[in-house]
Every structure is written in C-alpha cells, then in structure tokens.
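Working notes, structure below.
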Amino acid sequence: MLELTPALVSMGLAATDKAAALQLVAGRLVGDGLAAEGYLAALQAREAQGSTYLGQGLAIPHGTPETRHLVHATGVRLLHFPDGVDWGDGQRVYLAIGIAAKSDEHLRLLQLLTRALGEGDLGDALRRAESAEAIIALLQGGPGELALDEQLVALGSTAEDFDELALEGARLLRRAGCVDKGYANQLLQGEALPLGEGLWWLDSDQAVSRPGLAFVAPRTPLRHEGQPLAGLFCLASRGDAHVALLERLCALLIEGRGAELARAADRRRVLETLAGDATADWPSLRVPLANAHGLHARPAKELAQLAKGFAGDIRVRVADSGLPAVSARSLSKLLGLGIRRGQVLELLAEPGIAAEALPVLRQAVEQGLGEEVEPLADGAPEQPEAELPEAAPAAPAPGSLLNAVPASPGIAIGPAHVRVARTFDYPARGETPASERKHLHQALAQVRAEIEALVQRSEVKAIREIFVTHLEMLADPALGEEVEARLQRGESAAAAWAGVIATAAAQQESLQDALLAERAADLRDVGRRVLAKLCGVVEQAEPERPYVLVLDEMAPSDVARLDRTRVAGILTARGGATSHSAIVARALGIPALVGAGAVVLALEPGTPLLLDGGRGRLVVAPEQALLERARAEHQDRERLLREAEAHKLEPARTRDGHSVEVCANLGDAAGAVAAVEQGAEGVGLLRTEFIFMAHSQAPDLATQEADYRKVFDALDGRPLVARTLDVGGDKPLPYWPIAHEENPFLGLRGVRLTLQRPKVMETQLRALMRASEGRPLRIMFPMVGSVGEWRQARDMALRLAEEIPQADLQLGIMVEVPSAALLAPVLAREVDFFSIGTNDLTQYALAIDRGHPTLSAQADGLHPAVLQLIELTVRAAHARGKWVGVCGELAADPLAVPLLVGLGVDELSVSARSVPEVKARIRELSLADAQELAGVALAAESAEAVRALAEKF
Ligand code: PEP
Ligand code: MG
C-alpha cells in the first residue's frame with residue numbers, strides 16, 4: 001500500500017539536473033530496501049519512454065513493468081528540491097516522488113496526487129514548504145472539492161412546502177456523507193435567499209464534514225414567502241469550495257437560464273447545466289481500455305496530447321459511473337479517473353469536431369495509447385470481480401454423499417433451489433424509444449405483480465419490508481428519469497435499465513456506508529428480476545414446499561432476507577463455519593452446510609436433498625430408507641430440543657456433578673432479554689462493534705451507556721462480559737476508515753486499533769463502568785498478542801475504575817492470537833480471566849483466512865493444534881486460579897462440547913438460540929469420560945480424526 005507520511009520525505013536536497021535527481025531517488029529506494037541495486041537503470045528507462053513530470057512542480061519517477069522484478073517491497077520516497085530540477089521541456093520539479101511498485105498500486109497514488117494538482121499553485125507551495133508535514137499536507141489536497149453529483153440532485157420531490165424541501169436536501173447531503181446529525185436543524189434556521197426564477201438558496205456550515213451542494217425541485221411548483229419556489233439549493237458550506245459553482249450559477253441567472261434547472265428532464269442535465277457544459281447533446285462513443293495497468297501516467301499523457309490537437313472540447317468519463325466527464329486535455333483530471341483495465345471509457349466531443357475526433361481517439365485507445373496491449377476477451381469489458389472459480393463440474397449423481405463444513409446443526413430435507421448469478425444477453429440499441437418504453441413497462445408490471453405476491457406471502461415482517469422496499473425502488477422516479485433519457489438516446493430497454501441500475505448501485509456502494517451498500521444489493525436484486533423479464537429469461541420459481549437453498553456464497557444480507565418458514569436448509573459452494581454470515585445462519589437456527597464446492601451449483605433444481613448441518617454431510621436424491629432414518633433422527637432431535645427447552649433455565653451440570661456455565665453471545669443490546677429467557681447465565685461475549693455499526697457515527701458516551709445499561713438491566717445481576725470495540729479485518733466501521741491493508745486480518749484489528757484511538761476506547765470503558773452500577777462487569781480486550789498490549793489496555797481500565805468505582809469488575813483478554821495462548825502462563829499472573837475466541841484462534845493457528853472462499857472449509861476449531869492451544873490456556877489459568885471461557889463458534893458445536901468440557905473450560909458462550917441445547921449436551925456427559933476423550937484428541941493427527949473420535953463418544 002502506498003501511503004504518504006512525513007517520515008518518507010527528505011527535505012532540502014539539491015540536484016544539478018534530472019540525472020542527478022534520479023540518482024538520489026534510486027539511492028533512497030535502494031538504500032531503504034525497497035528496490036534492488038540497478039533500479040536507477042529502471043528509472044532511467046522509464047524516463048526514456050516519456051517524462052514522469054506530472055505538473056505543478058511534481059514528478060513521479062518509477063520503473064517500467066519489465067523491471068518490477070527489481071522491486072523488493074512496494075513503497076514511495078519523497079525528495080524535496082527547493083531550488084528545483086529541470087525535468088526537460090522547461091518543466092521544474094520541486095518534489096520527486098520515487099515509486100517502487102510491484103503491481104499497479106501507484107495508480108491509487110496518482111489518484112490521490114491529482115486531487116492536490118487541481119488546487120491553486122501547488123508547485124510554488126511545494127518549493128516554499130519548510131517541513132515534511134507541510135509537504136504531506138499539500139499533497140493530500142486543500143479544503144476538498146465541493147460534492148455535487150447525481151445523488152445530490154432530486155427532481156419531482158413530493159415535498160409540500162419549503163421546510164420539507166430543505167429537509168430533503170439535508171437528507172441527500174447526509175446520505176452523501178457531507179453532513180452529520182444536526183445539520184438539518186441548523187439549515188432550517190438559516191435565512192433563505194431568493195435567487196430569482198423560482199430558485200432559492202439555503203446554507204449552513206454547522207455539522208459539515210465535507211462541502212457539498214444539493215438541489216431539490218418539487219414535483220409541482222410551490223410558493224414560499226409569497227414568491228414561487230421551483231427549486232432549492234442546500235449548501236453544506238466549508239471554506240470557499242463552493243465559490244466557483246456559485247459564480248457559474250450567477251452567470252446562469254444573469255443569462256436568464258435559471259428555470260432550465262427546475263425544468264430539467266433528468267439529474268444529469270441539472271449537473272451539466274450547473275457545470276456550464278452541454279455534453280448531453282454531444283456525440284459520444286464507448287471504448288474499453290485494455291492497458292494492463294489502466295490509464296496511468298503514460299497513456300493518459302498520450303490521450304491528453306491527442307485531445308489537445310483538436311480545436312474543440314473533448315471530455316472523458318468512466319461509462320455508467322454516474323460521475324461527470326472531465327476534460328481529456330487535463331492529465332491530472334484523466335489520472336483522477338483512476339480507470340482500470342477492462343473499464344469502458346465514454347468519450348464525448350463537441351459537435352463541431354466529433355466526427356473527426358472521436359474515431360481518432362477510439363483508435364488510439366484501442367491501440368493502447370502508446371503501450372502494447374493484450375486485447376480484452378471478446379472486446380468486452382472484463383469483470384474485475386471474477387465469478388465462479390472454475391468451470392461448473394457435472395451434477396453429483398443420485399445417492400452420492402458429499403462432505404462439507406457443518407455451519408449450523410440440524411437436519412433439512414427438501415428440494416434444491418439453486419440460486420446462481422446469471423448473465424444476460426441484450427442488444428445495446430433499441431428499436432424506437434416508444435417500443436422500448438412499452439417493453440420496459442410490461443416487464444416492470446410483471447415484476448411488480450410478482451413482488452406484490454411475495455409481500456402477501458411473507459409472514460416475517462423484516463422480509464416483507466425488504467420486498468416493499470423493492471417495490472419502492474421500482475417506482476423510484478429518479479431511476480425512471482434516467483432510463484427515459486437513455487431510451488431517448490436510442491438504447492434498448494434492457495441496456496438502459498441495466499446501465500441505470502449498475503450506476504445507481506455502484507454509487508451507493510462507493511459511499512462505504514453499510515446500510516447504503518445493502519440498499520445497493522437490493523437494487524441489483526430487483527434490477528436482475530426486471531432484466532430477466534426483458535431478456536425473456538425464466539427465473540426458477542421458488543418451490544412451494546420448504547426447500548434447501550443452494551448458493552455460491554452466503555452474504556450476511558442473503559441470510560437476513562431468508563424466509564425461515566420456506567428455507568429448510570442452506571448449502572453453499574464456498575465459505576467457512578466461522579465467517580460472520582455462517583454465524584448469522586446459526587443464530588437464525590437454519591441448518592447449514594458451507595464450502596461444499598462448486599459441484600453443488602450444478603444440482604438440477606428440485607433435486608431432493610438431505611442435509612445434515614451437524615455432521616457436515618449432504619446426500620443427493622437419498623433413497624427412501626435413508627430419508628426415513630433421517631426423518632426419524634430429525635424427530636428425535638426435535639424431541640431432544642424440546643426437552644432441552646423444558647430445562648433451559650436449570651444450570652448445566654455433568655452427570656458427575658461438574659458445573660459449566662453457559663452464557664450467550666450478543667450482537668446488540670436488545671437481545672439480552674431473549675438470551676435470559678433462553679437460559680443464559682450471563683452474557684459471555686457482547687460484540688460491542690455491532691452497537692457501533694448500528695450508528696452512522698461513533699456513538700457518544702451517553703448513547704453507549706444507555707445501550708450497556710439495557711444489557712445490565714436485562715441480566716438482572718448476571719455477569720456481563722463486554723468485549724471492547726473489535727473492528728478491522730472483516731468488520732469495517734464505515735465512519736472509521738482504515739487505510740487499505742494487504743492483509744487486514746494481520747493488520748490493525750481489535751485492541752491494536754483501539755489503543756491507537758485511546759479516546760474511543762476511554763469513552764467505551766467509561767460508558768461500561770457508568771452503566772454497571774455495582775453489577776458484575778467483565779471487560780475483555782480482543783486480539784491481544786503481547787503482554788504489553790494487555791498492560792496498556794488494563795492500565796487505562798484501572799485508571800478509569802478509580803474515577804468510576806466498580807463493585808465487581810474483572811479484566812481479561814480474548815485468546816485469539818496464538819502468541820496469547822503461548823504466553824498464557826505469563827498473562828495468567830495478571831488477567832482475571834481468559835475467553836478463547838476460537839474463530840480467530842483457528843484462523844491464525846492454521847493460517848487460513850476465516851472468510852477464504854475455498855480454504856476456510858478446512859479451518860476447523862477441532863484441529864488438534866487448536867485444542868493444544870486451548871489446553872495450554874486452561875492449564876495456565878487454572879494454575880493461577882483464573883477462569884476460562886470459550887466464546888467462538890466451536891462452543892456451540894455439539895461434537896466440540898464434550899472436548900471443551902474435558903479440556904477444563906469453565907464457561908461456554910454461544911448464540912442465545914443454542915443455550916438450551918448446549919446445556920442439555922453437558923448434562924449427558926461425565927467429566928471423567930470427557931477428560932479421557934480430550935486426552936486422546938490432543939494426540940490426534942487431524943481435525944477429521946478428532947471429529948471421528950467425538951462422533952463415537
Ligand atoms: C472469535 O474470534 O472466536 C470471536 C468470538 O470473535 P469474532 O468472531 O467476533 O471475531
Ligand atoms: Mg475474534
């Protein structure tokens with residue numbers, strides 16, 4: 001990852017010429033171990049192909065793709081030349097950014113730099129910079145550009161008065177991440193400014209995180225303060241980012257063109273009018289980019305030079321990105337697009353030069369803009385997110401037995417309902433807009449009727465709401481407007497619909513907001529339904545009776561929208577038992593197998609399946625006798641569960657009188673009541689990050705305190721083990737972006753991250769301590785890997801406990817990193833308890849990413865190596881009189897319970913739904929037998945061998 005930090009800058013250097021400067025750059029890259037001796041020749045070779053001067057006093061010397069083998073590690077070094085260096089063609093460089101890159105990471109850096117290049121006189125500022133910090137601040141761009149894109153424009157609003165219109169503007173700005181809570185109120189208190197021609201202006205600089213402008217126009221003209229109200233601008237003001245736009249707006253009003261904005265047929269037209277360009281009417285063409293490393297500096301420079309050769313304006317954008325087109329003459333703007341191989345460029349040219357310019361530009365792009373290019377497959381855009389791993393194998397034969405990862409126990413019997421992503425074929429151009437419109441309306445009506453039927457049929461409120469949202473999406477006037485504009489441009493109904501959905505979904509995903517990303521998934525979902533109709537593809541009907549849902553991989557959003565009354569079981573081709581989506585399946589109580597391999601996607605729809613989520617087995621088209629046995633077993637299990645249910649409130653004690661505490665894992669405060677009802681003797685793991693994720697910004701002290709108090713109240717004196725914020729890895733927080741990491745699971749996660757943000761951690765600890773009010777509070781820190789980390793976190797907690805005295809506080813750590821287990825004898829002297837997070841401990845001990853699409857199936861917590869680490873932890877803790885819990889998914893695995901009890905684990909913390917069953921399983925055991933089993937398992941050679949032992953137990 002290329003990141004710019006002051007430590008990378010060397011200030012006040014001097015070089016007589018470019019050759020001397022390159023020598024210095026190579027010296028630093030080689031000296032710091034980023035590149036091998038000989039990298040100077042690589043830099044020189046690159047300059048010989050074309051200057052790396054970027055503009056505004058900045059050059060980015062780097063090697064060629066052929067010299068990448070000389071790069072040891074990707075990185076950059078910044079060299080400051082206050083007197084300047086002549087980089088050829090009279091261009092003076094004040095800062096050279098030497099890059100050693102193993103792949104295309106420098107494209108990302110270029111995007112970052114070009115933000116700075118757009119602002120003021122950067123070259124002069126770089127020359128005068130007096131510190132490394134000042135250089136970095138300059139490169140990271142000034143006050144930020146004004147956000148103004150399609151998602152900030154709403155036409156045809158149903159608002160009925162000025163305030164409602166302003167609130168809608170504020171909502172758009174909030175959704176775009178420009179403003180926080182509190183902005184809307186401030187905005188409404190501002191003084192509205194009439195601009196003339198029915199347009200109004202309102203602004204506020206309160207609660208603004210980045211500058212942005214929203215434009216909202218009502219469906220029918222309104223009035224405000226006795227004047228017409230046809231459109232309202234809402235500004236989230238910061239610095240003077242809006243000044244240029246305001247000047248253009250004034251010019252428009254002076255020309256008497258203000259009304260064009262309110263009357264615009266679609267959002268893009270508004271933006272184009274405001275941007276002062278009229279590209280909507282410009283001829284355009286699309287061409288995929290085939291350059292291996294995307295539109296990086298060299299091809300971009302070639303394109304810019306070509307564009308400069310025409311006596312008119314030429315613009316470029318990423319097709320269907322929804323982003324505005326930029327001038328093709330501007331190298332920095334072109335680089336700022338960050339276009340990758342396989343993406344499609346849309347080239348637009350002024351009508352006067354289009355016929356001449358567009359074919360020339362198309363040819364140049366197709367020929368690689370000065371680089372040799374590998375043609376794209378079929379000349380079609382490449383999809384970066386490759387679909388299924390291999391060609392689909394043949395369907396498994398009737399009667400065959402497949403092994404897969406047991407992800408959620410229980411037996412499911414039912415027909416296969418295979419849901420795989422499909423591709424659609426459709427023509428780009430349509431017949432006439434009228435006939436395409438008719439075609440589209442028919443498809444929309446059919447889909448609407450189908451979804452309405454689903455709404456009627458859904459008994460679960462949350463699922464019904466998802467379908468109601470889909471209906472709303474179908475009726476969204478903004479989508480309609482954009483589709484219409486494309487139909488008018490001659491696109492086919494399918495192409496127009498697919499393009500608009502792809503653009504809208506991509507925009508929502510790019511906002512890095514978990515909720516909007518989910519909305520994007522819904523949008524794609526509903527978009528696919530309509531596209532299937534338009535392309536005459538018959539979607540497989542959902543079976544009438546409960547079925548086994550077969551998927552490639554299960555996203556948490558897929559699970560959330562499952563109708564439990566219809567889905568008897570889940571079977572996936574990819575995934576592992578500890579991925580967070582599998583955890584959700586378990587919480588819903590749906591039997592599930594994951595990681596069964598691509599073979600299951602080849603199952604004929606309707607094939608009868610017998611799925612055993614506890615044992616990890618799938619039988620395809622089972623014989624009648626086997627089905628009967630499974631049904632009988634299923635009934636037995638149901639009976640056992642009923643019995644377990646009847647005794648759920650009693651403690652869990654083995655036949656020989658050994659007690660094991662059974663607690664619940666919670667992902668939100670609201671679940672505490674249900675957990676107690678299920679018989680939980682406390683909360684063994686409160687995943688506090690889910691509380692943080694439920695808010696659009698970090699919850700403050702009072703909000704957290706109220707949430708934690710709810711849990712304590714529900715527990716009514718039972719202990720609460722709260723884990724401090726555990727984000728990073730596969731759990732990002734939208735409002736707390738972490739720089740991209742090559743290996744996020746080995747990066748800034750858990751306590752490593754919170755120790756870097758002590759304020760966040762302090763607020764959380766304070767909130768927990770204030771909420772406890774004398775009730776038993778256990779605090780544990782996730783991802784502790786060293787004694788130092790534990791001590792730092794503990795000291796903070798102890799300091800706060802002096803300030804907020806606690807009657808019953810214990811401090812401990814999660815054992816998730818093998819180093820913590822191996823250091824258990826040392827840590828046990830200081831901690832009050834350990835809680836073993838087997839999900840992570842397994843991934844780190846076996847070096848298998850818990851979410852890896854194919855390998856995670858082998859990340860089994862019953863691996864003897866993991867059992868050894870658990871045994872070591874328990875032994876060390878008990879030697880010091882400390883207790884040990886297990887809060888990973890292993891604790892709920894019926895085969896694992898005897899082993900964990902035998903290893904001496906004192907507490908098992910599982911999803912609330914599993915509490916009765918785990919308690920019942922403990923009651924069946926004798927401690928002595930379980931200890932013997934554990935002893936044998938520790939000496940086993942594989943997880944399979946341990947499972948076989950436990951099966952027989
Ligand atoms: C674990 O790693 O086992 C654990 C309980 O934490 P999480 O699954 O939330 O990472
Ligand atoms: Mg964990």
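Order of listing sets the numbers, starting from 1, for every ligand and every atom in it.
Listed for the Gln704 side chain is a donor-acceptor partner under 3.5 Å among the backbone atoms of Pro699.
Every N/O-N/O distance between Glu889 and ligand 1 stays at or above 3.5 Å.
With a cut-off of 2.8 Å, the Mg ion (ligand 2) has an N, O or S atom of Asp840 in range.
Under the 4.0 angstrom criterion for non-hydrogen atoms, Gln843 is not in contact with ligand 1.
Screening residues 810-820 for side-chain hydrogen bond (donor to acceptor under 3.5 Å, both in side chains), with sequence neighbours left out, gives Gln810-Trp883. Residue pairs that meet the side-chain hydrogen bond (donor to acceptor under 3.5 Å, both in side chains) test with at least one member in residues 666-677, sequence neighbours left out, do not exist here.
Of the charged side-chain nitrogens involved, at least one lies within less than 4.0 Å of a carboxylate oxygen, so that Arg850 and Asp840 count as a salt-bridged pair.
With contacts defined as side-chain heavy-atom distances shorter than 4.5 Å, the pair Met780/Phe833 qualifies.
Among heteroatoms of the N, O or S kind in Glu816, OE2 lies nearest the Mg ion (ligand 2).
Heavy-atom proximity to atom 6 (O) of ligand 1, evaluated over Arg723, Glu689, Met814, Met783, is greatest for Arg723.
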Kindly determine whether Asp929 and Phe953 satisfy side chain to side chain contact (heavy atoms under 4.5 Å, CB included), including the steps that lead there.
CA-CA 9 Å; Asp929 291 349; Phe953 182 66; 3.8 Å; yes

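The part of Leu685 lying near ligand 1 is the side chain, judged by heavy-atom distances below 4.0 Å. By the criterion of a heavy-atom distance under 4.0 Å, the side chain of Arg850, and not its backbone, is placed next to ligand 1.
The contact set between ligand 1 and Asp840, taken as ligand atoms under 4.0 Å from a residue heavy atom, comprises 1 (C), 2 (O), 3 (O), 10 (O).
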